[in-house]
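What follows is a single structure, written as structure tokens, with notes after it.
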Amino acid sequence: MASVLPERMALWQLGLLSPVIEWAGRTFFGVDAVLRNTGSGDQTAFWVLWFLIAAVAVTAAAVWSAVDRRRRDHRRLWAWTVLGLRLALGGQMLAYGFAKLIPVQMAQPPLATLLEPYGEFSPASVLWMQVGSSPVYEMILGSVEVLGGILLFCSRTAVLGALVSFAAMSQVLILNLTFDVPVKILSLHLVVFAAILLAPYARGLADLFVFGRTSRPLRMPPLFARADLNRRAGWVLVILGSRRSRISGRPSAPK
């Protein structure tokens, strides 16, 4: 499916930041961090960008902690942070999941490709053709990702959705690392997002799955103090999830 947004829509902010990224690449790493439209998600410019984001985040967190050190907790801020992570992770799970479920992400290899010598393929191409050779297998993989995405958009099932997403994206990250698929940064971020969502419930999950003990209810933190506002927010999330699944784009294949 074609995306309803222009291809450059997701990269316009990188164009604005490209002078800073190039300067940081030369200054800190001695590399040429020029953004290139190659379809790769792991080019040097992106690694330098994530270094800058991490540096800004650590600095801001240190300043905030020093200025606001008297506050005991940030429950409301944490609730909205969790919401942002759920939307980001759920949207990506639906996009990649439906691309496999249809299936269009990994197409069946044509006859000309099958006649090429195996040694001429890159590891990423081998993985792509292996999955594409079995549409049923690809659809099963996609159904797991779609399930994780859908569950994340409902507050009552968000913890289960984070669990499913963590398992699915951990497998994707391992495949990306071992077959050199150029989407390592994104898959790593999605694994981290799922891990952050699960972190507050680690003890309860361990009691339930490891020690066989009774676990407390696993619920996402409320966004508002009023129950009616939380119910309305829940319906908004469900609507967003359904709309996101209809405009999911097709992730590109490795070269």
Side-chain angles (χ1 to χ4, degrees), residues 1-68 74 76-99 105 124 149 152-153 165 169 172-173 176-177 180-197 223 236-237 240-241 243-255:
M1 292 181 295
S3 174
V4 297
L5 299 176
E7 184 179 354
R8 295 290 300 177
M9 180 64 71
L11 298 177
W12 68 269
Q13 70 273 31
L14 295 180
L16 297 177
L17 293 173
S18 58
V20 179
I21 296 174
E22 294 175 20
W23 170 84
R26 292 190 303 267
T27 303
F28 297 105
F29 304 102
V31 297
D32 182 22
V34 178
L35 181 65
R36 297 180 173 86
N37 189 19
T38 62
S40 171
D42 294 335
Q43 52 186 295
T44 304
F46 289 140
W47 289 106
V48 175
L49 173 62
W50 304 139
F51 164 76
L52 293 174
I53 292 175
V56 172
V58 170
T59 303
V63 173
W64 190 339
S65 299
V67 173
D68 200 28
H74 297 82
R76 198 63 62 203
L77 177 61
W78 170 245
W80 285 96
T81 301
V82 166
L83 175 62
L85 292 175
R86 286 170 55 193
L87 291 175
L89 177 59
Q92 289 294 324
M93 295 298 292
L94 291 177
Y96 279 94
F98 276 110
Q105 184 179 2
L152 281 166
F153 280 91
S165 300
M169 294 314 303
V172 171
L173 175 60
N176 290 345
L177 291 172
D180 196 25
V181 180
V183 201
K184 305 176 188 67
I185 294 177
L186 175 59
S187 55
L188 174 61
H189 276 70
L190 298 182
V191 171
V192 172
F193 286 177
I196 293 175
L197 290 174
L223 298 174
V236 170
L237 288 178
L240 285 176
R243 288 181 60 84
R244 184 66 180 87
S245 65
R246 289 200 296 268
I247 64 174
S248 297
R250 173 182 176 177
S252 58
K255 303 297 183 181

Nearest-0.5 Å distance, CZ of residue F193 to CE of residue M169: 11.0 Å
Where L89 and L190 come nearest, the two heavy atoms and their spacing: CD1-O, 3.7 Å
Heavy atoms from other residues, nucleotides or ligands near CH2 of W64 exceed 12 (cutoff 6.0 Å): no
Ring geometry between H189 and W50 (parallel below 30°, tilted from 30 to 60°, perpendicular above 60°): tilted
side-chain contact (heavy atoms from CB on, under 4.5 Å) between L197 and L152, intermediate numbers included: CA-CA 10 Å; L197 290 174; L152 281 166; 4.0 Å; yes
Note, L186 side chain near Y96 side chain (heavy atom, < 4.5 Å): yes
Minimum-distance pair of heavy atoms, taken over all atoms of A33 and A45: O-CB, 3.8 Å
Where W47 and D42 come nearest, the two heavy atoms and their spacing: NE1-O, 3.0 Å
Identified side chain to side chain contact (heavy atoms under 4.5 Å, CB included) partner of S187 from the options V181, V192, N176: N176
Distance in Å, W78 CH2 paired with I196 CD1, rounded so as to fall on 0.5 Å steps: 6.5 Å
Shortest non-hydrogen contact from V34 toward D32: CG2-OD1, 2.8 Å
L17 side chain near L52 side chain, heavy-atom distance below 4.5 Å: no
Close side-chain approach of F153 to L94, heavy-atom, < 4.5 Å: yes
4.5 Å side-chain heavy-atom contact, L35 and I21: no
Shortest non-hydrogen contact between L177 and K184, atoms and distance: CD2-CD, 3.8 Å
